[in-house]
Amino acid sequence: MKKLSRRSVLKLAAASSVLIGAGKGITSNVLAGSIELADGGRDFSPVTGKERKGVPTICFNCVTRDPKIAYVEDGRIVKIEGQPNSIRSLGKICAKGQAGVNQVYFPDRILYPLKRVGKRGDGKYKRISWDEALTDLAARMKKLRDDGHPEKFMYHYGRAKGSSSKLPKTVFMGTYGSKTISGHTSICEGGKWTAQELTWGKHYDNWDFDNTDYVLNFGSGVLEAHTNHIPTSQRLIKAKVARNVPLITFDVRLSYTAAKSTKWEPVRPGTDLAVILAMCNVIMQENLYKRDAFTFIRATENVNVPVDEKISALKKHLAQYTPEWAEKISGVAATNIAKYAREFAKAKAAVVISYRGLIAHYNGTDGERAAQMLAMITGNIDNPGGRCPGVAPSWKYPKGPKVKPKAKKLKITNGTISALPTHGECQSVLKMIKDGSHGRPDIYFWYCYNPVYVNGECQENIDVLSDEKLMPFTVTSNIVYDESSRLADLILPDTTYLERWDWDGNVSPNQVAEYELRQPAVEPLGECRNFSDILCDLANRMDMPLGFNTMEEFVQKSCEKTPTLKDLPGGAFEYMKKHGVYHDPKAKPAYFRHKKEIKAADLQKESVIFDEATGVYWNWKKSGAKDEAEAKKHGYHKMHYSYKGYVGQKIGDKVYKGFKPDKVNKTGYFELYSALLKDKEFAPLPSWKPIPEHEGLAKNQLILTTYKVPVQIHSRSTHCKWLTEMFHDNPAWINSKTAASLGIKDGEMIKLTSKIGEVSIKAYVNEMIVPGAIAISFHLGRTESGRYASGKKSIMASDNDPDLKLKWWDTYGVLPNWLIANAPDPISGQHRFMDEVVTISKA
Amino acid sequence: MEEKNSQVGSVYGFLARIFAREVTSDFLEDLRTPRFRGVLEELGVDLGDDFYSRPANELLEELAVEYTGLFIGPGSFISPHESVHRVREDGDYGKLWGADTVAVKKFIEATGLSYQSSFGGMPDHIAAELEFVQKLEERLAQAQADDDM
Ligand code: SF4
């Protein structure tokens with residue numbers, strides 16, 4: 001017989017299909033019926049054929065929190081897949097999500113409570129019982145509280161969301177009486193949030209890619225590392241591939257997102273603001289703005305001016321920012337700036353997206369305010385296809401004892417420099433403790449956070465955390481022995497997110513809220529206990545019961561209290577355990593919410609008053625004012641918490657819901673003009689601000705930029721072998737022209753020095769980064785976190801992972817934070833991750 | 001693309017038919033068309049002039065005897081069932097209606113298909129398995145046509 005060619009097989013196929021199609025030759029089929037596809041959600045062992053147990057839960061390998069299904073075989077998680085019923089993720093997950101399995105079973109995991117025995121940092125620990133650990137901690141905490149100093153107990157958290165945020169922060173800390181709490185938002189995207197709070201009130205923008213016709217991207221790695229990654233990235237790709245939607249990415253480097261964009265516009269670090277201002281200028285001067293939108297815009301000090309006056313005020317302000325001017329600053333061609341501005345304004349629906357490339361700079365808050373301006377003046381705010389205030393589930397939860405102590409606080413969480421740190425200034429906390437003038441905590445407790453590693457100035461962080469005089473007692477709840485756990489006096493082994501309960505849910509990409517439940521796929525390994533469960537235990541030991549004893553109970557009660565869920569068939573909790581996700585099938589996507597009029601009855605309610613100066617109706621009782629007279633005397637703008645009582649905005653003769661404030665006393669307008677910023681002596685309208693350190697750099701001085709890759713989480717994944725096998729080295733990107741002018745060759749070792757520190761790193765010379773910049777990724781340069789991450793065995797680690805023998809890499813990369821100062825954006829307190837200037841030399 | 005997939009399915013369907021039972025007169029008629037002859041010849045399968053020229057009833061009789069001798073017996077024949085041939089990891093082998101038969105039956109039925117009562121073979125008959133692949137290919141082609149991948 002001849003060798004079969006593809007062609008002859010196809011011929012046979014065609015001839016056979018004639019037989020089958022004719023239905024006469026091949027009639028005697030063996031099988032009847034047709035193959036039915038199941039919806040997914042089931043899985044079988046390829047070895048034993050046994051059906052695996054599928055547990056609906058939620059990913060937490062990044063903050064996106066995609067619903068997923070963990071498959072369990074004989075008590076072990078063997079694989080993770082997407083949840084096909086989720087309207088957010090549409091059943092998809094990313095590589096990091098799949099590697100969640102590694103979070104549970106990595107061989108360096110902490111499995112037992114450990115108490116330091118040697119000097120802090122020496123790595124000498126003794127295994128103790130939970131009872132001993134919690135008795136000790138409760139006694140210390142109780143003493144502080146009973147001595148009248150609960151504020152000396154500080155809680156510092158990193159990635160904590162949903163019920164794992166609310167239970168510790170609001171319920172436990174509220175009941176205990178300490179407000180010395182810091183998150184980590186300022187080292188993430190705090191500046192973006194402050195800018196949004198100043199303009200449209202709430203924080204978090206959804207990008208409506210399903211309905212958009214044009215996308216401008218300023219510094220977001222939306223296709224690789226976004227805080228709503230899987231829900232947004234798949235929709236953006238679909239828009240691009242199925243509908244040919246243009247995506248223009250402005251980025252210092254050719255990120256994966258830039259590479260997949262219609263056009264990558266290389267932009268000098270920290271100059272996106274200039275480009276956006278010039279675009280807004282083109283749109284205003286060429287009358288491409290949407291006149292209607294100006295009804296809701298505040299562009300002047302006086303809120304009551306007619307639309308024309310707002311338009312001319314904005315035109316006048318922006319006139320200075322010509323595309324030619326912006327070209328000189330940013331390196332982006334003036335003709336392109338004008339072209340994109342016109343295309344953006346003329347598109348039926350267009351969305352401007354942004355992240356740390358725009359935000360994590362000295363001028364980042366104004367960068368985001370300018371992006372908001374670009375969207376608003378073109379009518380692309382809260383519309384189908386535009387930039388919309390996020391829609392997320394609204395969970396109700398048990399708040400703990402009704403009567404709570406008046407909480408006390410050490411003023412160490414907001415730094416001292418920034419004007420409106422609405423999301424704190426996490427990177428300054430250890431510096432504030434070192435300084436001591438605002439007091440110091442006696443107990444510093446951190447959770448899902450690695451203060452030494454994730455902030456700038458690593459050396460100072462280590463010094464402060466090591467010093468027993470500055471930090472008398474340090475505690476962490478963690479799964480991994482990382483750079484900070486090493487400096488903890490007490491290490492409490494936490495559960496991974498695959499072993500715990502939570503209610504949760506992130507912003508929806510389609511403007512319809514989705515409720516999500518996290519449940520344990522397996523029992524916690526070793527003696528690990530969930531952080532929130534320990535807090536319930538501690539509360540009982542301190543005679544301040546919270547009204548529930550475990551996170552599971554808290555989640556169950558929350559399900560039963562939450563209006564959208566409480567009537568679900570079979571009971572809310574049971575329903576959520578079975579299905580993992582719920583959305584109201586009748587819910588319509590939320591758009592144009594600011595245009596809703598407020599009912600007259602709501603304005604006539606007792607204690608609702610009208611503020612002439614701002615046109616705001618507000619309920620003074622919610623503002624913290626003693627009485628109505630005090631409220632009126634200060635007025636809406638000045639009364640401390642008046643935004644909490646906001647009811648509506650009078651515009652003309654109507655009162656609208658408007659853009660409701662959340663953290664600051666803005667009006668109900670979309671505030672391009674911010675009287676709050678003016679009070680703090682900043683430009684009230686979004687304005688260009690050069691970055692002082694970037695002026696007049698010498699030839700060997702480069703601007704350091706940082707980035708994330710798709711297969712690692714910022715700082716929580718290098719112990720995951722599947723991910724670190726893919727990414728374990730991060731040479732510094734440097735443009736070939738810059739390298740040539742400095743005589744640096746590809747692969748050569750270089751030394752980078754900043755005012756803070758020094759690192760040696762390999763140079764990666766390429767054309768994928770703008771000249772004058774140098775880029776180092778996050779994730780790597782671990783000195784702890786186990787063998788996959790750092791090559792170093794953690795204390796009390798086991799050798800139970802056969803893959804340890806297969807580990808083939810011995811590079812662990814470099815952490816840029818050793819070089820980066822803990823400096824805040826002067827408005828928001830945002831950590832200036834992308835601003836550091838480094839001097840380069842051959843190592 | 002989808003057309004090619006469903007056509008590949010037809011090859012499996014064709015082979016399944018060959019193994020399922022003796023050749024019938026309709027089937028013989030199709031096999032003897034010039035088109036099929038051309039395809040078989042291109043594949044290097046020459047059934048000889050005899051096959052195309054002899055009276056059908058004579059040939060059918062002869063093919064039926066040959067089919068029986070090959071797959072059914074008596075004497076030495078080749079069982080068309082997987083469980084008879086495949087050595088399992090647990091060493092089990094050589095049984096009619098063995099553990100593999102059960103596995104194949106369960107697997108095929110789990111996809112929504114069932115065995116026709118008129119079929120006389122065991123569930124792991126090679127014709128059943130080939131036809132299963134045919135159905136899979138057809139389902140794949142349908143999913144592609146429906147943009148449901
Ligand atoms: S995007 Fe984030 S939440 Fe979603 S699967 Fe990946 S790691 Fe998990």
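A, B, ... follow the sequence lines: proteins, then strands. Residue 1 opens every chain. Keep in mind that what you see is a predicted model, and the values were worked out from it rather than measured.
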| said: Under 4.5 Å from any heavy atom of chain A, what part of A128(B) do you find: side chain, backbone, both or neither? | reply: both

| field | Close side-chain approach of P231(A) to T64(A), heavy-atom, < 4.5 Å | value | yes

| Using the ring of each side chain (for Trp, its six-membered ring), is Y515(A) parallel, tilted or perpendicular to Y582(A), with breaks at 30° and 60°? | tilted

| So which part of F107(B) gets closer than 4.5 Å to some heavy atom of chain A, the side chain, the backbone, both or neither? | neither

| message | Please determine whether a side-chain nitrogen of the Lys or Arg among E137(B) and K135(B) lies less than 4.0 Å from a carboxylate oxygen of the Asp or Glu. | response | no

| request: Measure the acute angle between the ring planes of F14(B) and F36(B), then classify it against the limits of 30° and 60° as parallel, tilted or perpendicular. | output: tilted

| message | Is I108(B) close to chain A through its backbone or its side chain, or both, or neither, when contacts mean heavy atoms under 4.5 Å? | response | side chain

